[in-house]
Amino acid sequence: MKTVRLTIDKKVVEVQAGKTILDAARIAGIHIPTLCHHPDLCVAGNCRVCVVEQVGVRTLQASCAVPVADGMEIITNSAKVQQARRHILELLLSEHRSDCVNCYKNNHCELQDLAAKYIFTPVTLIPLPALQHYTIDSSSPSIIKDDSKCIRCQRCVRTCTQLQHVTALTVSHKGHEQKISTFMDKLLNDVVCTNCGQCVNRCPTGALTERNYIQEVWDALLDPNTHVVVQTAPAVRVALGEELGFDVGERVTGKMVSALKTLGFDSVLDTDFTADLTIMEEGTELLTRLKAVLTEKADAGTLLPMTTSCSPGWIKFIEHKFPDYLTNVSSCKSPQQMFGALAKTYYARKRKLNPAKIVSVSIMPCTAKKYEADRPEMRSSGFKDVDYVLTTRELARMIKMAGIDFMSLPDQEHDSLMGESSGAAVIFGATGGVMEAALRTAYELVTGREVPFANLDIKPVRGMEGVREANITIEGCLPEWSFLEGVELKLAVAHGLTNAWEVMQAVKQGKAEFHFIEVMACPGGCLGGGGQPIPTNSEIRLKRAQAIYEEDAGKHIRKSHENPEVLALYKDFLEAPMSHKSHELLHTYYIERHCN
Amino acid sequence: MTNTSTVRKTDLIFGRSLDTLTLLRNAMQRDKDGLIQELIDSGLRGRGGAGFPTGLKWKFAKGAPGNEKYIICNADEGEPGTFKDRVILEKAADKVFAGMGLCGWLTGATKGFIYLRNEYIWMRNHILAQMNDMNEAFRQMKLDFSIGLKMGSGAYVCGEETALIESMESKRGEPRNKPPFPAIAGYEDKPTVVNNVETWVYALLISYIGADVFAAYGTEQSTGSKLFSVSGDTPKPGVYELEMGMKLSDFVAEFGDGDTKAVQVGGASGFCVPRRKFDQVIIGFEGIPTGGSMMLFNSHRSMYHVLHNFLEFFMEESCGQCTPCRVGCQQLLLGIEAVKSKTKPAQYLDTLMEFTETMRLASKCGLGQSVGNAFNSIVNEFYEEMIY
């Protein structure tokens with residue numbers, strides 16, 4: 001690899017050709033402030049906060065955008081640079097409604113941080129007139145868009161188009177009217193937005209935030225007449241610690257349970273339980289579809305490939321972008337919604353509670369789950385199955401509000417009835433996890449033997465490659481599954497909607513034939529979800545994934561079909577996977593949506 | 001003020017010396033490197049305003065690797081006060097296209113485009129006819145080159161070459177980060193030569209008249225002649241081909257109405273020169289360069305209103321992507337209004353001028369970088385008019 005030598009602040013730096021000045025500075029341990037730059041996104045070079053002086057060049061250079069060259073002399077802190085940097089921040093502050101103490105992102109705002117660092121004299125610029133008549137788009141149950149906080153860094157636009165292939169957010173108008181908009185300036189809830197919240201994860205200010213339900217949950221907790229159950233998604237336990245003083249990648253499952261109990265939830269249960277249940281239903285569904293295609297010569301195209309349905313961002317994406325393939329999506333509800341439906345039926349009956357008095361809360365790494373819970377289909381218990389969805393970030397806020405010393409909490413276990421889970425359920429939180437969990441169960445169901453991978457770790461479907469493909473040949477089937485003998489199952493795993501789009505394009509164009517596709521809307525899967533602690537980058541996501549697999553390895557039950565509470569649920573209530581009762585409570589349908 | 005020298009008018013572009021196709025055929029008889037050297041020797045610099053040496057640009061593109069290269073004629077003439085490209089396209093479009101063909105032959109590009117500003121859509125049929133004739137001529141000459149037309153959509157910033165390329169690629173017309181420059185990675189990320197309408201014609205002419213004859217016009221740093229769009233308070237507005245390197249005082253003597261208070265050289269992105277500096281200013285690369293716009297203002301004009309108008313223009317025409325330009329333009333306009341209405345003290349003008357320095361240093365493209373030219377020159381030279 002060709003290297004390039006340059007000097008930054010008189011320090012000689014040697015880096016790979018093709019790196020930017022900013023990369024080189026970071027390698028050399030020299031700090032340059034940035035704002036529009038994000039490690040997950042392509043270079044924009046539009047905020048100009050990162051400008052530096054290059055000796056011999058007339059203008060300052062945006063260090064995030066300019067590639068290094070031999071002999072370059074860079075100065076990151078000259079008077080010129082300092083003045084420009086301060087001016088640029090002052091200009092940004094003049095178009096930003098700096099209502100910091102009232103802002104949801106107060107103390108979590110990159111612009112605020114930069115202002116605190118670089119602005120030490122009062123700003124004299126005139127606040128832009130647009131700040132006097134702004135509107136806040138609160139149409140979406142997941143995301144709130146407040147243009148008066150927007151500084152046009154376009155991270156959200158790059159996220160929405162490049163990372164997610166959604167293009168709900170675009171730039172419209174020019175000059176002083178330039179803004180981040182939607183198709184024809186429609187409300188966020190009326191466009192192709194999948195509510196994935198990846199824009200929220202990358203917005204440096206309070207322009208894009210999750211719609212929070214903190215007050216609603218407090219009200220429920222403090223109401224003596226309600227019974228508040230809470231479920232915790234797999235990916236929350238490996239990220240919540242980041243908001244509360246732990247290092248990235250630390251598992252805080254036990255402390256999370258303790259904190260929820262301290263907050264006053266009447267029962268702390270686990271989405272992992274319904275993740276195991278999902279495997280039972282979805283695994284059975286896959287086998288049913290395979291049987292129909294292989295033995296009954298059913299119309300293969302509408303049944304296979306089957307895609308997963310746990311990720312509500314993916315569901316909304318396919319409803320908008322590939323409506324012809326809705327029959328290919330597993331009819332299983334997501335674990336959150338299965339849990340919700342059971343909380344107000346099975347759980348209520350077992351605990352002898354009036355379901356009308358149950359408030360069902362879920363803690364999710366996800367903003368799309370808020371939208372999912374609001375879907376009109378999601379009322380199969382006769383009530384709203386999941387009343388409120390809180391993100392990992394919102395839970396962290398509540399823990400801080402309650403004055404809980406999270407670090408010193410004892411570890412506690414989830415409550416029983418719907419709190420037991422297997423390692424297979426935990427890995428739902430990482431890309432490839434649903435696939436791996438499904439294989440652990442389906443393979444064993446069909447052959448009577450465990451999947452042929454050491455320690456049940458199906459390594460080919462793990463990892464952070466955007467699209468991963470694997471084949472597994474089924475041999476030695478039990479008699480009732482003989483139609484699968486020798487069949488080579490073709491599997492694909494995609495995370496991030498751009499990757500999902502590519503897989504679906506390949507399917508649509510007949511370039512790829514799969515039996516089963518796992519799609520997670522967010523990079524890295526749920527652990528990189530739109531409700532997770534900010535910041536996010538590939539390193540952080542990798543550490544969270546490692547934590548997830550550690551959690552799985554430490555579980556005494558590793559396979560969904562061995563979860564005793566799931567078995568009890570079938571015995572006492574549902575009868576069997578894909579039974580009539582299951583269909584009523586655990587399965588759903590999808591809706592074709594417009595494409596803009 | 002001196003009245004001994006006068007402005008020299010020339011007639012290279014519209015003169016009927018030789019048939020365009022003969023010019024092109026003659027040029028294509030020559031050695032390619034020799035011809036590019038001739039262009040370099042002529043000192044011809046881009047006539048759109050930025051003034052990059054044309055021969056060098058062509059040389060880079062010729063040396064750029066790959067077979068797929070593009071030639072683009074920038075006909076997005078949007079600088080306030082410029083209207084000379086319109087006249088060239090009306091009267092001598094064939095020379096423009098032949099110049100592009102010549103560059104195609106020299107650099108190995110086989111496809112060219114003319115990017116025509118939306119406001120010139122009325123010329124579209126005329127241009128298409130001329131273009132088709134020239135494409136046919138290229139075929140007959142066995143020159144593997146053809147030209148297509150792309151219409152702009154009305155944004156000033158698309159005159160900036162990388163924004164123009166983005167617009168041609170059906171994206172938002174926003175300038176790119178540079179490097180890479182278009183000569184290395186332009187349209188469709190392939191090596192691309194972008195030149196102003198006028199530059200193509202001069203390049204073709206130089207291949208015939210030679211570097212020496214061309215460079216005999218003008219000054220050492222500003223060789224040759226160029227078209228000027230003369231407007232404002234003048235008895236004879238219009239397009240004139242004038243020698244480069246003239247003194248502004250000579251220009252005013254020729255075109256002024258006898259009461260010229262200031263001349264805005266180079267359009268809204270150029271500089272304002274007050275009367276007392278007319279005889280110190282050379283119009284050319286050693287002094288104040290211009291893409292052709294020369295706006296004269298007499299003593300009836302309020303320079304505050306002139307500046308206000310320019311700033312309104314920039315505030316709307318900034319693409320909006322980079323902070324210094326998007327917010328800076330708005331702040332400058334709000335600022336002069338606040339000083340005028342006494343809600344800000346006069347010294348606030350000095351603060352604003354500091355901000356124009358940041359805009360110059362830190363904006364992404366020439367638009368934001370040059371807003372301060374007009375702002376600082378007008379505010380400095382007509383300080384009282386800004387306040388009272």
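Throughout, protein chains are lettered first and strands after them, A, B, ... in sequence-line order, and every chain is numbered starting at 1.
Using a 4.5 Å cut-off between heavy atoms, B:E354 touches chain A through backbone and side chain atoms alike. For B:A155, the parts lying under 4.5 angstrom from a heavy atom of chain A are both the backbone and the side chain. Neither the backbone nor the side chain of A:V49 comes within contact range of chain B; no heavy atoms are under 4.5 Å apart. Contact annotation for A:A44: only backbone heavy atoms (N, CA, C, O) come within less than 4.5 Å of a heavy atom of chain B. Proximity to chain B (any heavy atom under 4.5 Å) is restricted, for A:I151, to the backbone atoms N, CA, C and O. There is no contact between A:E53 and chain B, counting heavy-atom distances below 4.5 Å. Residue A:R86: no heavy atom, backbone or side chain, is found under 4.5 Å from chain B. In this structure, no portion of B:T343 lies under 4.5 Å from any heavy atom of chain A. With a 4.5 angstrom heavy-atom cutoff, A:T170 does not touch chain B via any of its atoms. B:Y348 touches chain A through its side chain: at least one heavy atom from C-beta onward sits under 4.5 Å away, while N, CA, C and O do not. For a residue to count as touching a neighbouring chain, one of its non-hydrogen atoms must lie under 4.5 Å from one of that chain's; by this rule B:R360 touches chain A with backbone and side chain alike. For B:C319, the part sitting under 4.5 Å from any heavy atom of chain A is the backbone (N, CA, C, O) and nothing else.
Contact detail for B:A362 and A:R48: the closest heavy-atom pair is O-NE, 2.7 Å. The nearest pair of heavy atoms linking B:A338 to A:I126 is CB-CD1, 3.8 Å. Between B:L334 and A:P127, the closest heavy-atom pair is CD1-O, 4.4 Å. For the residue pair B:T323 and A:C47, the shortest heavy atom distance occurs at OG1-O, 2.9 Å. Of all heavy-atom pairs between A:I88 and B:T358, the closest is CG1-CG2, 4.1 Å.
Distance CG/A:L125 to CG/B:L352: 7.5 Å, rounded to 0.5 Å. Rounding to the nearest 0.5 angstrom, the gap separating the CE atom in B:M359 from the NE2 atom in A:H87 is 11.5 Å. Taking CD from B:Q331 and NE2 from A:H176, the interatomic distance works out to 13.0 Å, rounded to the nearest 0.5 Å.
For the pair A:E177 (side chain) and B:E316 (backbone), a donor-acceptor distance under 3.5 Å is absent. B:R326 places no side-chain N or O within 3.5 Å of a backbone atom of A:K174 that could act as its donor or acceptor partner.
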Report task. In sequence, state the C-alpha distance, the side-chain angles, and the governing distance for B:T351 and A:T124, and then conclude on side chain to side chain contact (heavy atoms under 4.5 Å, CB included). Result -> CA-CA 9 Å; B:T351 307; A:T124 53; 4.1 Å; yes
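No more than 12 heavy atoms of other residues, nucleotides or ligands sit less than 6.0 Å from atom CD of B:E220. For A:K105, the NZ atom counts as densely surrounded, since its 6.0 Å shell holds more than 12 non-hydrogen atoms of other residues, nucleotides or ligands. Other residues, nucleotides and ligands contribute more than 12 heavy atoms inside 6.0 Å of the NZ atom of B:K342.
No option in A:V43, A:N46, A:V66 other than A:V43 meets the side chain to side chain contact (heavy atoms under 4.5 Å, CB included) test with B:N177.
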